[in-house]
Amino acid sequence: MKPDPKPVKAPSSATVQSARTTAIQIVFGFLAVMPLLALALDEPFYLTLFGRVMVYAIAALSLDLILGYGGMVSFGHAAFLGVGAYTVGILSFHGIESAFLQWPAALLFSALAAVLIGYVSLRTSGVYFIMITLAFAQMFFYFFTSLEVYGGDDGLTIWKLSSFGGLISLDDNLTLYYVIFTALGGCLYLSHRLVNSHFGRVLQGIKSNETRMRAIGYPTMRYKLLAFTISGTMCGLAGVLLANQSEFVAPSYLAWHRSGELIVMVLLGGMGTLFGPVMGAIAFMLLAHFLADLTIYWPVIFGPFLIAVVLFGRGGLHGLIGRMGGKGG
Amino acid sequence: MTVVLLFEQLLNGLQLGIMLFLMAAGLTLVFGIMNLINLAHGSLYMVGAYLAAAFMQWTGSYIWGVLLALPATMAVGIVTEVVVLRSLYARDHLDQVLATFGLILFFNEAVRLIWGPQPQFIDLPEFLSGQIEIIPGSPYPSFRLGIILVGLATAAFLYVLVTHTRIGMRIRAGASDRVMAGALGIDIRLLFTLVFGLGAVLAGLAGMMAAPIVSVQSGMGEEILILTFVVIVIGGIGSIRGAFLAAILIGVIDTMGRAFLPQLLETFLERGAAHTAGSTIAAMLTYLLMAVVLFFRPQGLFPPRSR
């Protein structure tokens, strides 16, 4: 066994950890009081923007569960976003507005889609897995595009949002914001419990050496499929929230760019961490938003930035904060 | 009548298959030899089409446009390889996906910045814009026929290049064992750059030939790129022979599905439903095929023999 080469003056893991905890507290505190800020600045648009950011944070988190913890590079995760959103849209189209029906149905369909996609895709690995998940997402994309009853290419406007029978109303932007906020918190807590459970440990074991895990008796395929399904379902929840937030669903929710952006968020924030994808989503969305204000040709700047992150950035923002904490302490 | 229609659609399928092969050959070579997933391969297709349009406007001739655009696309490919991709060979697939995704964003926006948001159009010279009666009573556009011929010639050229020349021998050596080939004195870096340039030319050629048929616009390479992925996955990554067979297969199945599936379903279903179901299934057909193939043969239909 070769000992790991230790960097000179390695920051103690305690300071790194505390820097990260501080960052988490700051970000969450900010998100919690964000509506007040938007009110004070008289910029109600920020409420929508940050609501959207948190929706994508949930989607990115769900992707990170299989990408960062399970080593499964899904390039078709937007499919679940679309399935969740379209379930809400289609049910609402037919007059079924109760969230108590819509939301479980959306989660169920996302889970079913994930089982289906996972069952076929997980037989392959590596680059084949990347491409087959992409192909499945395209399949769903074309499926929804061809549903002319539900708007086809143009998408479907949701006239009536999910209703909670008078308990709360999602028509109120502030309520919707805090519903999304709570959902994000819930997903983070769930993921935290999941990755630290026996199941999560096995999953991480599979990521580092699947052959060994199989040799010591774990049915790795089942573990991977379950993880894939949980991840797809969580992404479906993001889709439900997205549909309610945009009051609109369209095939573009499932476009392959979207899947790529989710991967970008995970890597930007730091994969294999719970809070990384959240920070990645915030950074990505805000960067895109402000660059778009600067010039309509913003991808010309963003593309090379992305390449630079891949070539020179290590561990994403999560790693950066850890290093900053290490330097400061 | 139906036989004529069938024959026509078969030719259309063949033409799509040829396009896919030109894309897939480059992609599968790059992956097989350098182990690089290049999402930006579709961007080279787009760059080829834009360059051909620009050179055509400059020289006034489509043929000259293509002849000038070919080396120009190769140059774009080589610069991309040297500046960005070279650093990615040793990285894992995730990094490659991400960086080449960044390249797509860049290229899509760069062409919009240079040529504006409106699509570019290409006029065909007279001898290509007519029609030829291959079988009596069924005129077929001579340009599409030209695409098939050029594509087949390119396939033959690639076959000779890879199997019967010294450079092809080096490419095959690099594909089966990079490190060993390097140790035997082959300049692997140069070889990689050359192979990437070759792939860029092939993708560019496909784009240039598609340009008069589809509109030349930002993002035009993406749909064909994903279809190309399906091709190389079904064909077995790294195999040119597999890419050729799978490209023709996908091209014909996709075209046939779109043309005949709605009618075929009419025998079981009522008209409206048959039309909807038919076009839905036709749009998903190639992806369904890929899922089925991978389910039974996770390595593709024709995996390269060397591995």
Side-chain angles (χ1 to χ4, degrees), chain A residues 67-68 71 73 75 116-117 119-132 134-149 152 255-257 259-261 263-264 266-268 271 288 295-313, chain B residues 31 35-37 39-40 83-85 87-88 91-110 112-113 117 219 222-223 225-227 229-230 232-233 237 275-296 298-300:
Chain A
L67 181 70
V73 185
F75 200 170
L116 175 80
I117 295 179
Y119 186 70
V120 179
S121 308
L122 287 170
R123 294 172 57 91
T124 65
S125 60
V127 62
Y128 286 90
F129 183 79
I130 298 179
M131 289 182 183
I132 194 170
L134 174 64
F136 267 114
Q138 283 301 103
M139 211 155 92
F140 278 81
F141 174 81
Y142 286 118
F143 174 71
F144 285 117
T145 307
S146 67
L147 291 181
E148 272 160 38
V149 193
W256 72 286
H257 278 144
S259 301
E261 284 167 9
I263 298 183
V264 171
V266 172
L267 263 87
L268 205 57
M271 71 169 190
T295 161
I296 55 163
Y297 300 111
W298 63 274
V300 161
I301 308 169
F302 192 75
F305 166 73
L306 207 56
I307 297 170
V309 169
V310 172
L311 292 184
F312 310 113
Chain B
F31 187 84
N35 199 18
L36 172 83
I37 307 181
L39 294 183
V83 174
V84 178
L85 300 177
S87 329
L88 289 172
R91 300 298 193 90
D92 64 14
H93 290 148
L94 192 58
D95 281 355
Q96 297 171 351
V97 164
L98 208 61
T100 52
F101 184 70
L103 274 179
I104 294 183
L105 294 181
F106 174 75
F107 275 120
N108 276 351
E109 218 51 41
R112 208 174 287 165
L113 197 65
E222 289 166 16
E223 196 169 335
L225 174 79
I226 295 175
L227 217 49
F229 280 151
V230 174
I232 67 171
V233 166
I237 297 175
H275 182 78
T276 316
S279 47
T280 306
I281 298 172
M284 295 163 48
L285 199 59
T286 43
Y287 302 103
L288 281 173
L289 182 72
M290 170 175 173
V292 171
V293 166
L294 282 191
F295 189 78
F296 293 105
Q299 296 296 308

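Just so it is clear, the values below take in all heavy atoms, side chains as well, and ignore hydrogens, waters and symmetry mates.
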Q: Select one option (side chain, backbone, both, neither) describing which atoms of B:Val97 are under 4.5 Å from chain A's heavy atoms.
A: side chain
Q: Heavy-atom distance under 4.5 Å to chain B: side chain of A:Phe136, backbone, both or neither?
A: side chain
Q: Quick check: closest heavy atoms across B:Arg112 and B:Pro117, and the distance to 0.1 Å?
A: CG-CA, 3.9 Å
Q: Answer with side chain, backbone, both or neither: which region of A:Leu147 has an atom nearer than 4.5 Å to a non-hydrogen atom of chain B?
A: neither
Q: Does the A:Tyr128 side chain pair with the main chain of A:Arg123, one donor and one acceptor, at a distance under 3.5 Å?
A: no
Q: Of the listed residues (B:Leu94, B:Ile281, B:Leu103), which shares the most heavy-atom pairs with chain A below a 4.5 Å separation?
A: B:Leu94
Q: Report the C-alpha distance between B:Asn108 and B:Glu222 in whole Å, list the side-chain angles of each, state the deciding distance to 0.1 Å, and finish with yes or no for side chain to side chain donor-acceptor pair (under 3.5 Å).
A: CA-CA 10 Å; B:Asn108 276 351; B:Glu222 289 166 16; 2.6 Å; yes
Q: Could you tell me which of B:Asp92, B:Leu88, B:Thr280, B:Ile232 has the largest number of non-hydrogen atom pairs under 4.5 Å with chain A?
A: B:Thr280
Q: Only pairs of heavy atoms separated by less than 4.5 Å count here; which of A:Phe305, A:Tyr142, A:Phe141, A:Tyr297 has the most with chain B?
A: A:Tyr297
Q: Which pair of non-hydrogen atoms, one from B:Ile37 and one from A:Met131, has the smallest distance, and what is that distance?
A: CG2-CE, 4.3 Å
Q: Could you tell me which non-hydrogen atom of B:Leu36 sits nearest to which non-hydrogen atom of B:Phe31, and how far apart they are?
A: O-CD1, 3.4 Å
Q: Side chain, backbone, both or neither: which part of A:Phe75 has an atom under 4.5 Å from a heavy atom of chain B?
A: side chain
Q: Looking at A:Ser125, A:Ala135, A:Ser121, A:Ala308, which makes the most heavy-atom pairs under 4.5 Å with chain B?
A: A:Ala135
Q: Among the options B:Val84, B:Leu227, B:Leu288, B:Ile226, pick out the one with the most heavy-atom pairs lying under 4.5 Å from chain A.
A: B:Ile226
Q: Non-hydrogen atoms of chain B under 4.5 Å away: do they reach the side chain of A:Ile263, the backbone, both or neither?
A: both
Q: Against chain B, label A:Ile130 side chain, backbone, both or neither, depending on which of its atoms sit under 4.5 Å from a heavy atom there.
A: side chain
Q: Under 4.5 Å from any heavy atom of chain B, what part of A:Val300 do you find: side chain, backbone, both or neither?
A: both
Q: Take B:Leu85 and B:Thr100, measure what side chain to side chain contact (heavy atoms under 4.5 Å, CB included) needs, and give me the verdict at the end.
A: CA-CA 8 Å; B:Leu85 300 177; B:Thr100 52; 3.8 Å; yes
Q: Can you label the angle between the A:Phe302 ring and the A:Trp298 ring as parallel, tilted or perpendicular, going by 30° and 60°?
A: perpendicular
Q: Using a cut-off of under 4.5 Å on heavy-atom pairs, state which of B:Ile104, B:Asp95, B:Leu113, B:Val233 scores highest against chain A.
A: B:Leu113
Q: Fit a plane to each ring of A:Trp256 and B:Phe101, take the angle between them on a 0 to 90° scale, and name the class: parallel (under 30°), tilted (30 to 60°) or perpendicular (over 60°).
A: perpendicular
Q: If you count heavy-atom pairs under 4.5 Å between each of A:Ile117, A:Thr145, A:Leu306 and chain B, which one has the most?
A: A:Leu306
Q: Should the heavy atoms of other residues, nucleotides or ligands under 6.0 Å from CZ of B:Phe295 be counted, would the total exceed 12?
A: yes
